[in-house]
2 protein chains.
Amino acid sequence: MIRVLLADDQHLVRQAMAALLSFEADIEVVGEAARGDEVLAAVAECSPDVVLLDIEMPGRDGLTVAEDLHAAGLAVKVVILTTFGRPGYLHRALASGASGFVVKDARAEELADAIRRVHAGQRVVDRALAASSRTRGASPFTARERDVLRVATDGGTIADIARELFLSEGTVRNYLSSAMGKVGARTRAEAVRVAENNGWL
Amino acid sequence: MIRVLLADDQHLVRQAMAALLSFEADIEVVGEAARGDEVLAAVAECSPDVVLLDIEMPGRDGLTVAEDLHAAGLAVKVVILTTFGRPGYLHRALASGASGFVVKDARAEELADAIRRVHAGQRVVDRALAASSRTRGASPFTARERDVLRVATDGGTIADIARELFLSEGTVRNYLSSAMGKVGARTRAEAVRVAENNGWL
DNA sequence: CGGTGAATCTGACAGATGTCATGGGCCGCC
DNA sequence: GGCGGCCCATGACATCTGTCAGATTCACCG
């Protein structure tokens, strides 16, 4: 029996996934977490074999939680289960020690199968997404460029961004301009959109 | 037995919801749709009592589909099931004839209960969200301001927006400036964010 | 030890954005 | 019939954005 922990911020989605997996004779959902920062404690308490992690969760995002699990050296396999199959997400997922990556557009059998194969020590990733991750999974930005772009998603002015990151306005303009150039964007809003769509933020 | 049709673009989420609802003795999932523009045909084919509609679907968004169902005069109840409880979404949902509005953060029992009560002719809406919808559900924008803001979400320049909407650049600046003023935004990106967060786009 | 890249900054300048006034046409409502 | 609001446009102007050059410091690598 494969013991599974579900981490997703949406209650209904968690319960629905638990219901779906309950049909599998060899899979048992032993716990749930609604927030990223609840996962480690839940893993310690429930001793799952596999953890299903959404990415966007309050408290701590799923990719960072995967890093935490990996760093803690726990004998638990991680499957990222997310809405968007973004190459940057997959790239970070694999780098953080995740063994599987499934999008919520998959079929139920694909999820169950992913859980089994990951439990058996295999890696489960959609082939097309893996290819995409290899070509454009890695973020082209420096750490500071990413910081500046992330704050720019709020839609504030150069002065707002500078204030938030304790930088001068000129420096912020330089970073934004550089980031825009790296993705061929003509405005920072366009750069933000490209970065988000690729999972680089 | 209450017959239910599920419309959500994510396969796994649909199957999981179907699994969850299968535990209810008085509810039967009789059909599914993955795209907004598949729902009317699916309703004609499966004759559901209740339709569960996600909002963001390819082909046609759920709120517009709710309008279509209402306009077609079909004896079917609509429950909107969505990720974000945005007052603008609720406002539009109620205006389009939906009888229920449930967010994916609800509990499973709340969904099943909503389906039963909607089927019994009641309206099911979270009270706090209903209050929020009354105060800021209605979009403050004119139709053209909304058009301009929506195109602005792509992050293009004034010239891009003007070209796409067949307007002059000056007109676009006027509409953007007016829309920004209505929500107290200092940049168009901020206005877009406020509009999206309130469900006005 | 030297070269390279990143982080950070300043300054100048061109182009884009946003504000504001003004005006015409159309439509709905009183 | 008049008024108000929306759609659309132009023009002037202030401010902001983005580009680019040049500079310093620090860490890392060959």
Side-chain angles (χ1 to χ4, degrees), chain A residues 88 91-92 95 136-201, chain B residues 88 91-92 95 136-201:
Chain A
H91 188 272
R92 276 187 62 198
R136 53 192 182 85
S139 169
F141 308 123
T142 68
R144 266 322 218 181
E145 285 168 353
R146 190 169 54 245
D147 288 343
V148 164
L149 271 185
R150 187 177 291 124
V151 176
T153 63
D154 293 337
T157 63
I158 295 288
D160 293 334
I161 300 171
R163 195 175 311 121
E164 168 127 5
L165 296 173
F166 304 100
L167 295 171
S168 76
E169 296 187 23
T171 301
V172 169
R173 301 222 210 92
N174 287 332
Y175 283 142
L176 283 176
S177 188
S178 176
M180 284 160 57
K182 286 177 175 176
V183 300
R186 291 162 308 141
T187 66
R188 85 180 73 144
E190 213 167 77
V192 163
R193 192 168 59 80
V194 170
E196 284 184 325
N197 285 347
N198 281 290
W200 294 332
L201 285 188
Chain B
H91 188 272
R92 274 187 62 199
R136 55 191 181 84
S139 168
F141 309 122
T142 68
R144 265 322 219 180
E145 283 167 356
R146 189 170 56 245
D147 289 342
V148 164
L149 272 182
R150 188 179 289 123
V151 176
T153 63
D154 293 336
T157 62
I158 295 288
D160 293 334
I161 300 170
R163 195 176 311 122
E164 168 127 5
L165 295 173
F166 304 100
L167 296 171
S168 76
E169 295 187 24
T171 299
V172 169
R173 301 223 209 95
N174 286 333
Y175 284 142
L176 282 175
S177 189
S178 177
M180 283 159 59
K182 287 178 174 176
V183 300
R186 290 159 308 140
T187 66
R188 83 180 75 142
E190 213 167 76
V192 163
R193 192 169 58 82
V194 170
E196 285 185 323
N197 285 348
N198 283 289
W200 295 330
L201 285 188

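Order of the sequence lines sets the chain letters (A, B, ...), proteins ahead of strands, with each chain counted from 1.
Within 4.0 Å (heavy atoms only), A159(B) reaches no atom of the nucleic acid at all.
Between the side chain of N174(B) and the base of dC8(D), no donor-acceptor pair of N or O atoms lies under 3.5 Å.
Computed from coordinates, the I158(B) CD1 to dT10(D) P distance equals 14 Å when rounded to whole Å. Rounded to an integer number of Å, the gap from E169(A) CD to dC13(C) P is 19 Å. One can place CZ of R173(A) at 15 Å from C1' of dA21(D), the figure rounded to the nearest angstrom. In this structure, the OH atom of Y175(A) is 18 Å from the P atom of dC20(D), given to the nearest Å. Here the C1' atom of nucleotide dT19(C) and the CE atom of M180(B) are 9 Å apart, to the nearest Å. Put simply, CD on E190(B) is 14 Å from C1' on dT17(C), counting in whole angstrom units. Rounded to an integer number of Å, the gap from CG of L176(B) to P of dC7(D) is 13 Å. Between the CG atom of L165(A) and the P atom of dC9(C) there is a distance of 11 Å, given to the nearest Å.
Contact annotation: the side chain of I161(B) never approaches that of E164(B) to less than 4.5 Å [non-hydrogen atoms, C-beta and beyond].
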- Task: Assess whether side chain to side chain donor-acceptor pair (under 3.5 Å) is satisfied between D160(A) and T157(A), documenting all intermediate values.
- Result: CA-CA 5 Å; D160(A) 293 334; T157(A) 63; 3.2 Å; yes
- Message: Evaluate W200(B) against R136(B) for side-chain contact (heavy atoms from CB on, under 4.5 Å), listing each step before the verdict.
- Response: CA-CA 10 Å; W200(B) 295 330; R136(B) 55 191 181 84; 4.2 Å; yes
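When all heavy atoms are compared, the tightest approach of V148(A) to L167(A) is CG2-CD1, 4.2 Å.
With DNA chain D read from its 5' end, the first of the two nearest nucleotides for R186(A) and F166(B) is the one closest to F166(B).
In the model, S178(A) has a side-chain atom that pairs as donor or acceptor with a side-chain atom of E145(A) under 3.5 Å.
At the phosphate of dC6(D), neither OP1 nor OP2 sits under 4.0 Å from any side-chain N or O atom of T142(B). Of the side-chain N and O atoms in R188(B), one or more sit less than 4.0 angstrom from OP1 or OP2 of dT17(C). Side-chain N/O atoms of R144(A) include one lying less than 4.0 angstrom from OP1 or OP2 on dT8(C). Between S168(B) and dT10(D), a side-chain N or O to OP1/OP2 separation shorter than 4.0 Å is present. For dT17(C), neither phosphate oxygen OP1 nor OP2 lies less than 4.0 angstrom from any side-chain nitrogen or oxygen of T187(B).
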